[in-house]
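A short worksheet on the structure shown next.
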Amino acid sequence: MRDWLLKFLRRCSSNSDNSSQVPDSPPIQNKICAHGNFDIEEQQPLTDEKCVKDVHVDMLIHRKLITKEIVTLGLFLGPIWFASEYCMNAALERTSVAITTILFSTSGLFTLLIGALLGEDSINVVNLVSVFVSMAGVAMTAYADESVSTTSSNGSHSFLGYLFALLSAVTDGLFTVLLKKFAGEDGEKVDMQKLFGYIGLFSLVSLWWLVWPLTALGIEPKFRIPDSAQTVGVVFANCFAGSFLSDYFWALGVVWTTPLVAALGASLTIPLAMLEDMVIHGRHYSTIYILGSVQVFLGFAIANVSDWFTSKSGLQLLNSLKRLFIPSPLHNLTM
């Protein structure tokens, strides 16, 4: 389905590009011929050589990775993904859900900074505004939820929990940017099913032994096999819906949009869960929580607008609005 959708979008884009071409424009060859036969004989081999080099470089950049390269990429990204997931769960064990959620929301900021360093994104005012608006919304919802919660009133907060939450945000931002960098503009370079399959395989095969030193150091409790069928069912259901489906669709969001949009889009679970609770369970939320959810959605929308306005269509719209609201001096003279 993903491949069909990409082919459909590219076909529509190519049709629009062909229709926008000017038919009366003179060919490039005629311009070269204007310099005379002697120039053609000397310049044509150089032009052909340059075209061949450009085509070769373009093929190397946009070629699809083979299975061996996907295996290597999965081995490289696997530990980063594992570190992000582990640090998040370790932070939840050592501090409250509200603090963990607030600190993890900084992943949008780290994604923007790392993306700018690796050339996958640009830092501008609109992107910064979208990040801080989303972070403020997450903070409002987290503290509103904490104020009415009875399970988080024990005050069990630790510096180690804060550190784990920040490390989870940093590694999540790094994983997001690297995934976009290696997958290509539309994910055409990597088969996402194979990549995540190898990431899960390497995490299972090569990182399971960490439970022994972590248990010996007292960081992790003693491992126990689930003793009931209900617990096993909950674990498998969470693995399928909470890990497999959510991570796969999130990865498609990364390669189809930008790392920043995908990072801020992960926080949309807050307003969507609020709407589901209100409609299905009839739950009521405080004004602070509702305003915070609106801010989370607003930050995501601003990030999408920033990405859209940097494209060609956004610039065309800005020029049209400029001509509409700021008439030219020549137009004023004719009036």
Side-chain angles (χ1 to χ4, degrees), residues 67 70-104 107 142 145-146 149-172 174-176 178-179 191-252 266 269-270 272-273 276-277 280-281:
T67 302
I70 296 177
V71 171
T72 305
L73 181 59
L75 181 62
F76 172 68
L77 294 178
I80 302 176
W81 174 84
F82 179 84
S84 177
E85 298 293 326
Y86 175 78
C87 290
M88 167 60 73
N89 288 277
L92 288 173
E93 186 179 357
R94 291 165 176 81
T95 186
S96 66
V97 176
I99 297 298
T100 302
T101 305
I102 294 172
L103 293 178
F104 184 75
S107 62
D145 190 56
E146 172 110 336
S149 177
T150 58
T151 59
S152 59
S153 59
N154 52 7
S156 57
H157 305 279
S158 66
F159 175 77
L160 188 60
Y162 303 154
L163 181 61
F164 273 128
L166 285 176
L167 288 176
S168 178
V170 173
T171 51
D172 182 78
L174 178 61
F175 179 81
T176 303
L178 291 178
L179 180 62
D191 189 339
M192 300 304 296
Q193 291 91 338
K194 286 185 178 180
L195 177 60
F196 272 82
Y198 287 124
I199 289 176
L201 178 63
F202 287 132
S203 299
L204 177 64
V205 173
S206 60
L207 299 176
W208 65 270
W209 58 271
L210 290 175
V211 67
W212 290 342
L214 292 176
T215 302
L217 294 174
I219 300 176
E220 288 293 324
K222 185 178 180 180
F223 177 76
R224 293 184 303 173
I225 298 177
D227 54 357
S228 64
Q230 182 179 5
T231 305
V232 174
V234 170
V235 170
F236 276 100
N238 182 68
C239 291
F240 179 75
S243 296
F244 172 70
L245 288 181
S246 63
D247 287 347
Y248 179 72
F249 287 124
W250 170 81
L252 292 182
T269 54
I270 295 175
L272 292 178
E276 291 175 357
D277 270 349
I280 299 176
H281 303 290

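The first residue of the sequence shown is numbered 1, and numbering continues consecutively from there.
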task = Show the numbers, then the answer: is there a side chain to side chain contact (heavy atoms under 4.5 Å, CB included) between E220 and Y86?
result = CA-CA 11 Å; E220 288 293 324; Y86 175 78; 2.8 Å; yes
ask   = Is the closest side-chain donor-acceptor distance between Y198 and Q193 under 3.5 Å?
value = no
query = How many angstroms lie between CZ in F104 and CE in M88, if you round to the nearest 0.5 Å?
reply = 4.0 Å
query = Can you name the nearest heavy-atom pair linking A83 to T171, along with the distance?
reply = C-OG1, 4.1 Å
ask   = Could you state the interatomic distance from OH (Y162) to OG1 (T100), rounded to the nearest 0.5 Å?
value = 9.0 Å
Derivation of the side chain to side chain contact (heavy atoms under 4.5 Å, CB included) call for W250 and L179 = CA-CA 11 Å; W250 170 81; L179 180 62; 4.2 Å; yes
task = Check L207 against P79 and note the closest heavy-atom contact, atom names and distance.
result = CD1-CA, 4.5 Å
inquiry  = Return the OG to CG distance between S206 and L201, rounded to the nearest 0.5 Å.
reply    = 8.0 Å
task = Could you tell me the separation between the CG atom of L167 and the CG atom of D172, rounded to the nearest 0.5 Å?
result = 12.0 Å
query = What is the minimum heavy-atom distance between G78 and S203, and which atoms define it?
reply = O-OG, 4.0 Å
note = Rounded to the nearest 0.5 Å, the OG atom of S107 sits from the CG atom of L166 at a distance of 11.0 Å
remark   = Sorted by chain and number, sequence neighbours left out, side chain to side chain contact (heavy atoms under 4.5 Å, CB included) with L178 holds for F76, L77, I80, L118, L174, F182
message = Evaluate V71 against F202 for side chain to side chain contact (heavy atoms under 4.5 Å, CB included), listing each step before the verdict.
response = CA-CA 9 Å; V71 171; F202 287 132; 3.7 Å; yes
ask   = According to the side-chain hydrogen bond (donor to acceptor under 3.5 Å, both in side chains) rule, which pairs have a member within residues 231-241, sequence neighbours left out?
value = S228-T231
query = Less than 4.5 Å apart, any side-chain heavy atom of L210 and any of F82?
reply = yes
inquiry  = If you compare all heavy atoms of P221 against all heavy atoms of E93, which two are closest, and at what distance to 0.1 Å?
reply    = CD-OE2, 4.3 Å
inquiry  = Has T95 got a side-chain atom pairing as donor or acceptor with L92's backbone, closer than 3.5 angstrom?
reply    = no
ask   = Who pairs with D247 by salt bridge (charged side-chain N to carboxylate O under 4.0 Å, His left out), at least two apart in sequence or on another chain?
value = none
Minimum heavy-atom distance between P213 and W209, given as atom pair plus value = CD-O, 3.1 Å
inquiry  = Return the OG1 to CD distance between T269 and E276, rounded to the nearest 0.5 Å.
reply    = 10.0 Å
Side chain to side chain contact (heavy atoms under 4.5 Å, CB included) assessment of F175 paired with S84 = CA-CA 8 Å; F175 179 81; S84 177; 5.9 Å; no
